[in-house]
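Note that the numbering runs from 1 along the sequence shown for the chain. Just follow the structure's listing: the first ligand is 1, and inside any ligand the first atom is 1.
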Amino acid sequence: MVLYVAPVYLLFCTNIVLGGRLRVQGTHFVKDGQRVFLSGVNQAWINFGYDFGDNHYTQQRSKFENYLTMVHDNGGNSMRVWVHIEGQTTPVFDHQGYVVGLDKTGTFISEFKQYLKAAQKFNILIFACLWNGALFEHGEALGGLIRDTRKLHSYIDKALIPWVKAVKDEPAMGGWDIMNEFEGEIIANQHNSERCFDTVFMQGSGSGWAGAKYYAQELQRFVNWQTDAIRRTDPDALVTVGSWTARTSSDKLGLHNLWSDDCLRKAGGRPLGVLTFFTTHAYSSHDKYADYAPFNHKATEYGLDKPFVIGEFNQVSGGGKDITALFDYAYNNGYAGAWSWHLLGTGSNSDNATTQLRGLRFMRYKNDENRGGLVSFKL
Ligand SMILES: *[C@@H]1O[C@H](CO)[C@@H](O)[C@H](O)[C@H]1NC(C)=O
């Protein structure tokens, strides 16, 4: 009798324990009760602004699957993928700048789900980055959403919430990055008696390279509202913002966190609209990282109470270090993940795929509970 019951009981346990979602526990991620480290790449785009919606994914499906295969075969577990960018394809705006839907032909949701199903087969979590602040090309419509809450409301109702609803139970949906490098478009040197909205500290930082267009408060509200919508629709969703440097991601080390719970709530007023993890990017200049950069500090030194991910980095701007040393540093110094830039390998500030996959191979069998945790997991 006992012999008969035991296997059934074990089977039952297996079913409820495995296949669980990625969750936050203090300053790291856990999955199925184990601490995990997000080891992966940016597969930021294939056809910039034209990857999803209106059948673009379907047309490029073999390329997407080829990249998933490469990451999987080399032991990566996650990817950051850019979706709206500046609204080239998605979402769809009317003449006045209100959002009327995700895409013109109504295929976006099924395309994105197909992508997630493919990623699941390869045990890869997808982190969707919604918007881009690092380049201003077609940004007028996006600017409308940042400045005008009625327009932002239309995006949330007609595009974001339907998208979140459709993918919230997909095992490969890792999380959401509201905006890439907002610093490209922030107005620096703004005095404000409220510290959250004061950007004097950014003077001379190089921010505003894509055109200084938005006040900190507008960007924070933009993030607060979308984060609130995502978390209202899917209470277990993970949400972040990919800051250009750690300068805006901490209140320690003389830095200034524009994305703290307090600042997001002050700007947008929505209590649920706070990040569940922090992300920053790290590139060296002339082979030197800035003093405040993650590769000069343990994650705990930033004093954050949530996981901290190095969302972009590479060897070519890696302070003279090898890609494996950089991944190793992140793993051993309390970071919750690291994503190299970027798998397509275009532009002078990118490693080629060979280098990045070598980094992933170095990481794949790591499983040290006292360091970064497990890398290879099943979805
Ligand atoms: C990739 O980049 C590395 C490091 O810069 C270089 O040594 C290697 O030759 C490159 N590989 C390919 C296939 O381009």
Side-chain angles (χ1 to χ4, degrees), residues 37-51 60-82 85 118-119 122-127 129 132 134-135 177 180-181 184 206 209 242 244-246 279-297 309-333 335 337-366 371-372 375-376:
F37 182 85
L38 297 176
S39 174
V41 300
N42 280 271
Q43 195 254 281
W45 61 82
I46 289 172
N47 189 3
F48 192 75
Y50 299 89
D51 281 338
Q60 305 180 96
R61 190 175 183 155
S62 61
K63 287 184 190 165
F64 275 102
E65 293 190 356
N66 187 35
Y67 283 124
L68 289 169
T69 307
M70 280 198 261
V71 171
H72 168 78
D73 288 354
N74 290 278
N77 63 24
S78 46
M79 279 160 63
R80 176 170 178 258
V81 176
W82 293 15
I85 302 184
F122 291 109
N123 292 309
I124 294 170
L125 288 170
I126 300 300
F127 288 78
C129 177
N132 183 25
L135 182 70
D177 177 346
N180 177 65
E181 300 189 357
W209 70 88
W244 169 50
T245 71
T279 302
T280 196
H281 303 166
Y283 297 110
S284 66
S285 162
H286 305 290
D287 268 356
K288 248 184 89 68
Y289 283 111
D291 291 342
Y292 51 75
F295 291 105
N296 283 324
H297 296 278
V309 170
I310 304 174
E312 289 186 16
F313 73 102
N314 57 23
Q315 175 179 291
V316 68
S317 300
K321 294 204 184 79
D322 190 81
I323 190 80
T324 57
L326 296 167
F327 267 111
D328 203 40
Y329 185 93
Y331 185 85
N332 287 309
N333 286 280
Y335 294 92
W339 295 321
S340 62
W341 182 264
H342 75 128
L343 206 50
L344 200 64
T346 52
S348 56
N349 187 33
S350 178
D351 288 346
N352 60 35
T354 310
T355 298
Q356 293 171 74
L357 297 176
R358 188 164 60 77
L360 297 183
R361 283 199 302 281
F362 174 80
M363 297 297 290
R364 73 185 304 175
Y365 299 115
K366 287 191 185 290
R371 300 286 176 172
V375 169
S376 291

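Annotation for Thr324 and Phe362: closest pair O-CE2, 3.4 Å, computed over non-hydrogen atoms.
Taking the six-membered ring where the residue is Trp, the centroids of Trp45 and His342 are separated by under 6.0 Å.
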(request) Apply the test side chain to side chain donor-acceptor pair (under 3.5 Å) to residues Gln60 and Asp51: give CA-CA distance (whole Å), side-chain angles for both, the deciding distance (0.1 Å), then the verdict. (result) CA-CA 8 Å; Gln60 305 180 96; Asp51 281 338; 3.2 Å; yes
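In summary, of the residues considered (Gln315, Arg80, Gln356, Arg358), a side chain to side chain donor-acceptor pair (under 3.5 Å) with Ser340 occurs for Gln356 alone.
Annotation: side chain of Ile310 is not in contact with side chain of Phe327 (no heavy-atom distance under 4.5 Å).
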Tabulate distances under 3.5 Å between N/O atoms of ligand 1 and N/O atoms of the protein, writing both atom names on each line.
| unit_1 | atom_1 | unit_2 | atom_2 | d |
| --- | --- | --- | --- | --- |
| ligand 1 | 2 (O) | Asn352 | OD1 | 3.4 |
| ligand 1 | 2 (O) | Asn352 | ND2 | 2.3 |
| ligand 1 | 2 (O) | Thr355 | OG1 | 3.3 |
| ligand 1 | 11 (N) | Asn352 | ND2 | 2.9 |
| ligand 1 | 14 (O) | Asn352 | ND2 | 3.2 |

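Lys366 forms no cation-pi arrangement with Phe37, by the criterion of a distance under 6.0 Å to the ring centre and an angle within 45° of the ring axis.
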